[in-house]
There are 2 protein chains.
Amino acid sequence: MRASAFGKGARRCALAAALAIATAGAAQAAPPDRAAIQAQVAQRHDSAVKALQDWIALPSIAAEDRNAKQGADYMARLARDAGFQHVEVVDTGGKPGVFATLDAGAPVTLGVYFMYDVKQFDPAEWSSPPLEGRLVDKPGLGKAIVGRGATNQKGPETAFLTALQAIRDAKQPMPVNLVLVAEGEEEIGSPNIARLVLRPDIQAALKKSIGVFMPMGLQAPDGSVTVNLGAKGVVELELVADGKAWGRGPASDVHSSLKAMVDSPAWRLVKALDTLVSDDGNTVAIDGFPKPAPLTAEQRAMIARSSAARDEATAKKTLGVSHWIDDLPWDKANERLVSQPTINIEGLVGGYTGAGGKTILPHRAVAKIDMRLVPPMTRDGVVAALKAHLAKRGYGDIAVNVSGGYDPTSTDANSRLVQAQLDVLRRAGVEPLLWPRLAGSYPGFVFTQSPLSLPSAHFGLGHGGGAHAPDEFYLIESTNPKVQGFDGAVMSYVDYLYELGRQDASSAAR
Amino acid sequence: MRASAFGKGARRCALAAALAIATAGAAQAAPPDRAAIQAQVAQRHDSAVKALQDWIALPSIAAEDRNAKQGADYMARLARDAGFQHVEVVDTGGKPGVFATLDAGAPVTLGVYFMYDVKQFDPAEWSSPPLEGRLVDKPGLGKAIVGRGATNQKGPETAFLTALQAIRDAKQPMPVNLVLVAEGEEEIGSPNIARLVLRPDIQAALKKSIGVFMPMGLQAPDGSVTVNLGAKGVVELELVADGKAWGRGPASDVHSSLKAMVDSPAWRLVKALDTLVSDDGNTVAIDGFPKPAPLTAEQRAMIARSSAARDEATAKKTLGVSHWIDDLPWDKANERLVSQPTINIEGLVGGYTGAGGKTILPHRAVAKIDMRLVPPMTRDGVVAALKAHLAKRGYGDIAVNVSGGYDPTSTDANSRLVQAQLDVLRRAGVEPLLWPRLAGSYPGFVFTQSPLSLPSAHFGLGHGGGAHAPDEFYLIESTNPKVQGFDGAVMSYVDYLYELGRQDASSAAR
């Protein structure tokens with residue numbers, strides 16, 4: 001985890017001081033000719049939307065071994081088209097990555113993290129074809145592109161690339177140099193991200209940057225924006241109970257009547273799973289599992305502010321949830337969301353999974369698990385604890401097959417990367433909410449931890465929804481003036497780049 | 001359960017006495033012209049095999065709502081072709097049944113139970129197409145038809161129908177009247193069998209019979225035959241944990257990061273399942289579950305004889321099992337098989353079940369369960385105990401969706417239906433093993449319980465394997481003289497019918 005630039009005693013005052021500095025510098029940060037760039041954005045609108053649709057039509061899905069090379073090549077072409085001078089597809093041992101640099105001769109260099117892969121999808125669950133990127137009316141929001149990857153992450157990424165093209169076409173100076181790393185395995189837990197980012201020349205290029213950001217549509221339907229100061233880590237794994245590994249039960253499925261004389265790997269899985277969580281299923285009960293670091297007063301204050309600003313009833317309705325864990329009130333539920341690790345059953349697969357029943361005693365049963373980690377947990381530490389727990393409880397035969405994951409990420413609110421966001425948002429009339437830690441995960445650890453030790457964050461106006469779900473969308477034309485459509489999202493990147501490129505600010509804080 | 005024809009004190013001696021009677025009567029039971037019938041069987045061989053293949057090509061699968069009407073109509077046609085004079089497709093409220101009678105003017109009437117449905121199958125798991133019924137060389141056995149339903153139950157049923165045709169074509173007297181009931185829901189637990197069998201006119205027709213038998217290839221690969229004196233009952237059901245029913249957790253799948261503030265129906269299912277069995281997964285731990293009746297000395301003796309005659313190593317190899325439950329020795333494992341009820345996980349289905357992972361918190365998780373019941377358990381009693389257990393443990397929201405099932409079946413070894421089997425087997429040079437109770441299930445309860453209170457059993461020479469599994473087969477041409485192929489199986493039914501038709505025997509015991 002990245003160490004704070006401030007001493008321990010000073011930390012509590014740092015945020016307030018930083019906010020004051022940022023507000024003072026805000027007036028000087030406009031780009032040379034913002035109107036000219038905005039005109040280019042408007043002119044490019046249709047072709048940019050078309051470019052997003054074309055990209056959606058090429059889904060790269062690592063879990064299904066689908067379109068990895070095609071996706072990386074396509075990503076490389078997008079980078080070239082956006083003005084990156086050096087563009088390279090990188091062998092990572094897994095799905096290829098892309099490394100690209102744009103040298104603007106600027107004093108400031110910015111790292112950019114992209115993913116070109118998307119989550120799996122089942123077209124039967126969608127109301128419009130998931131690879132078509134159809135423009136659909138979303139009541140209360142406006143016109144949105146519906147398609148797999150629309151918001152996670154091709155929409156925001158396309159908006160960012162469009163910003164680069166608009167600056168170039170408006171013949172304005174590119175305010176920062178860019179170092180882009182794009183991976184094709186984000187959705188499987190980025191198992192090879194270090195082999196991309198830490199390749200010596202790529203690491204050296206990123207080391208020159210003030211931090212690494214990922215484009216994201218951060219606006220809620222009411223226009224509010226939450227700036228995340230980190231993210232939970234994650235481990236994705238399968239727990240597999242198998243007759244062969246166990247040395248008991250059948251080696252292949254047998255007739256269920258034999259249960260009276262043959263042991264059952266499926267029951268064994270249930271019994272082992274049972275030991276991993278508290279009776280209510282909500283607290284990790286793995287022996288030796290690290291205690292989560294308690295929230296600081298500053299973090300609790302952020303959560304309280306954000307909880308007050310966000311509508312609990314809307315959140316419950318959106319999620320289809322009538323009670324939070326332990327019937328907690330909204331702010332305490334949010335504290336739990338930020339501060340607690342999780343162990344979640346993503347999927348259960350054993351024996352006969354079709355319609356009706358089938359009288360077999362399965363030889364194998366699998367629980368698909370994801371765990372979310374907070375400091376001081378590490379991916380490797382948690383996997384080791386899980387394995388030790390199973391062994392100690394007599395379930396050492398149950399395989400722990402880790403498919404991906406990484407440590408938590410933390411970025412200081414006082415970093416230039418974050419402060420520039422606050423400036424841009426306020427100029428856009430949005431008073432941002434700070435959030436200590438995203439409950440989801442992204443592989444920011446590879447940037448925030450040694451050897452790079454850089455700030456890392458998401459940024460962008462605009463709105464999307466349905467990540468990982470059916471009918472994923474990204475808003476193109478907004479009917480709510482407080483929420484930006486595609487062109488507004490593009491301009492938020494333009495403004496962010498110019499804000500980061502300001503000489504005075506960039507020398508003041510990194 | 002059917003009451004024994006003998007008093008309690010007499011029961012211990014009954015079997016030995018019955019065996020003595022049967023042996024004494026054996027010489028008199030040959031049909032009028034067995035050779036003529038056998039010649040017809042040989043002449044019919046190719047067309048009978050073709051008929052079996054044609055039947056296999058029409059799979060009726062209740063769980064998939066596939067070919068129910070077609071299967072019933074086809075079954076009716078097969079009955080007509082075999083000489084049944086009255087044939088009727090019967091509406092049961094579920095998949096249709098078939099009722100047929102053959103009046104031979106004989107003093108003895110025999111009930112026959114058929115199923116025309118088959119188990120689900122996945123062609124990808126088969127080495128030859130499951131609906132083709134291809135003739136395949138089975139090393140060590142001979143030529144076998146491989147196809148879904150080959151042995152369970154179309155092969156033995158075709159052999160029985162062929163026996164009727166051969167007797168007719170040989171112009172020999174039909175020795176018994178027949179009452180046939182055929183159902184299309186055996187593989188989903190016969191939910192409507194009573195609506196077929198107990199329709200007043202069908203019940204009245206069956207009531208005249210000495211008992212009801214089902215054709216089955218009873219021979220093991222070494223030629224030995226086990227005669228079952230009953231079968232376990234069964235309940236098939238799904239346990240469903242669902243956010244809506246629970247009033248906690250999500251109403252549809254949400255992002256897995258929300259596990260930190262949202263309850264999980266999948267964990268709830270695991271916790272509820274955990275309470276249903278002992279730590280080793282082998283003993284039912286449902287509160288108030290009836291204690292199984294202990295084995296009698298006679299039953300233990302049957303199991304000991306059978307265990308000594310059957311090779312444990314072969315059984316282990318066939319099942320892919322290296323240890324029985326609790327590392328029991330062979331005879332004790334067999335005692336457990338016969339005497340103990342089971343609760344088995346057939347399948348686990350929750351959340352994401354595809355390749356790799358998908359970071360969702362599922363709103364629903366399902367365990368597909370089957371339970372096997374021994375006296376004094378009843379299907380309804382066990383379901384009630386399960387529901388009460390879940391409610392008492394605080395899991396009353398977990399749905400118990402029963403799809404089928406029935407009580408255990410018991411038939412007295414001294415019944416004419418069983419004694420005639422022993423006679424025929426001994427004449428064929430096979431010393432049958434008696435087995436107290438099949439660990440599998442069939443809906444014999446509808447015949448053995450009130451109001452019919454009839455004996456019910458399986459019978460037939462011949463051999464098959466792979467019921468419910470890929471590459472199901474039924475032996476057509478045997479290379480082992482101790483194991484009957486198709487024609488031998490047909491002749492075993494011829495001999496059984498004539499044995500049952502013997503006037504002296506039929507009046508002596510019912």
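By convention in this document, chain letters (A, B, ...) are assigned in the order of the sequence lines, proteins followed by strands, and residues within each chain are numbered from 1.
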Scored by heavy-atom pairs under 4.5 Å with chain B, the best of A:Ser441, A:Gly249, A:Ser339, A:Gly189 is A:Gly249
Considering only heavy atoms, which portion of A:Leu361 lies under 4.5 Å from any heavy atom of chain B: side chain, backbone, both, or neither?
both
Who wins among B:Gly357, B:Gly351, B:Ala367 for the most heavy-atom pairs under 4.5 Å with chain A?
B:Gly357
Find the one option among B:Gly350, B:Ser252, B:Ala266 whose heavy-atom pairs under 4.5 Å with chain A are most numerous.
B:Gly350
Test ring pair (Phe, Tyr, Trp, His ring centres under 6.0 Å) applied to B:Trp330 - qualifying residues, sequence neighbours left out:
B:Trp324
With only heavy atoms counted, which part of A:Asp326 is less than 4.5 Å from chain B, the side chain, the backbone, both or neither?
backbone
Any side-chain donor paired with an acceptor under 3.5 Å for B:Asp370 and A:Thr359?
no
Tell me whether the count of non-hydrogen atoms from other residues, nucleotides or ligands lying under 6.0 Å of NZ in B:Lys316 goes above 12.
yes
Let me confirm one number: the CG-CD1 distance from B:Leu269 to A:Ile345, rounded to the nearest 0.5 Å.
8.0 Å
Please output the residues of residues 231-239 of chain A in contact with chain B, using a heavy-atom cutoff of under 4.5 Å, in numerical order.
A:Lys232, A:Glu236, A:Glu238
Does the side chain of A:Thr353 reach to within under 4.5 Å of the side chain of B:Thr353, using non-hydrogen atoms?
no
With no hydrogens and no angle check, is any side-chain donor or acceptor of B:Asn344 less than 3.5 Å from a backbone partner on A:Ile360?
yes
In terms of heavy-atom pairs under 4.5 Å with chain A, which of B:Ala439, B:Gly281, B:Ala260 leads?
B:Ala260
Kindly state each residue pair satisfying salt bridge (charged side-chain N to carboxylate O under 4.0 Å, His left out) with at least one member in residues 327-336 of chain B, sequence neighbours excluded.
A:Arg248-B:Asp327, B:Lys332-B:Glu335
Do you know which of A:Pro250, A:Pro341, A:Gly243, A:Ala467 has the most heavy-atom pairs with chain B at a distance under 4.5 angstrom?
A:Pro250
Just give me the residue among B:Arg268, B:Gln120, B:Glu187 that pairs up with chain A most often, heavy atom to heavy atom, under 4.5 Å.
B:Gln120
Closest non-hydrogen atoms of A:Ser257 and B:Leu337, given as atom of the first, atom of the second and distance, are O-CD1, 3.6 Å
Sole candidate of B:Asp274, B:Thr275, B:Asp279 that passes side-chain contact (heavy atoms from CB on, under 4.5 Å) when paired with A:Asp274:
B:Asp274
Between the NE2 atom in B:His468 and the OH atom in A:Tyr352, the distance rounded to the nearest 0.5 Å is 12.0 Å
Testing the basics here: between B:Ser256 and A:Arg372, what is the closest heavy-atom pair and its distance to 0.1 Å?
OG-NH2, 2.6 Å
Shortest non-hydrogen contact from B:Ser322 to A:Gly247?
OG-O, 2.9 Å
Just so I understand: if I count every heavy-atom pair under 4.5 Å between each of B:Val321, B:Val277, B:Ile188, B:Leu438 and chain A, which residue has the most?
B:Val277
Value rounded to 0.5 Å, distance of NZ in B:Lys259 from CD in A:Gln340
11.0 Å
In terms of heavy-atom proximity below 4.5 Å to chain A, should B:Val262 be classed as side chain, backbone, both, or neither?
both
Heaviest contributor of heavy-atom pairs below 4.5 Å to chain A, chosen from B:Val338, B:Leu319, B:Asn401, B:Val254, is B:Leu319
Do A:Trp267 and B:Asn282 make a side-chain contact, defined as non-hydrogen atoms from C-beta onward lying under 4.5 Å apart?
no
Given heavy-atom pairs under 4.5 angstrom as the criterion, report whether the side chain, backbone, both or neither of A:Lys368 touches chain B.
side chain
At a heavy-atom separation under 4.5 Å, does A:His255 approach chain B through its side chain, its backbone, both, or neither?
side chain
Keeping to residues at least two apart or across chains, list the salt bridge (charged side-chain N to carboxylate O under 4.0 Å, His left out) pairs with something in residues 340-359 of chain B.
none
Which atoms of A:Leu258 approach chain B - backbone, side chain, both or neither, heavy atom under 4.5 Å
both
Among A:Ala333, A:Ala62, A:Ala365, A:Gly404, single out the residue with the greatest number of heavy-atom pairs under 4.5 Å to chain B.
A:Ala333
Between chain B and each of A:Ile343, A:Asp65, A:Asp253, count heavy-atom pairs under 4.5 Å; write down the option with the most.
A:Ile343
Per-residue tally against chain B (heavy atom, under 4.5 Å) across A:Ala63, A:Gly440, A:Pro362 peaks at A:Pro362
Heavy-atom proximity to chain B below 4.5 Å, by part of A:Val270:
both
Quick check: are there more than 12 heavy atoms from other residues, nucleotides or ligands sitting under 6.0 Å from CZ of A:Arg379?
yes
Note: vs chain B, highest number of non-hydrogen pairs under 4.5 angstrom among A:Ser264, A:Ser403, A:Gly354 is A:Gly354
Quick check on A:Ala469 against chain B: is it the side chain, the backbone, both or neither that has a heavy atom closer than 4.5 Å?
neither
Roughly how far, to the nearest 0.5 Å, is the CD1 atom of A:Ile325 from the CG atom of B:Asp263?
5.0 Å
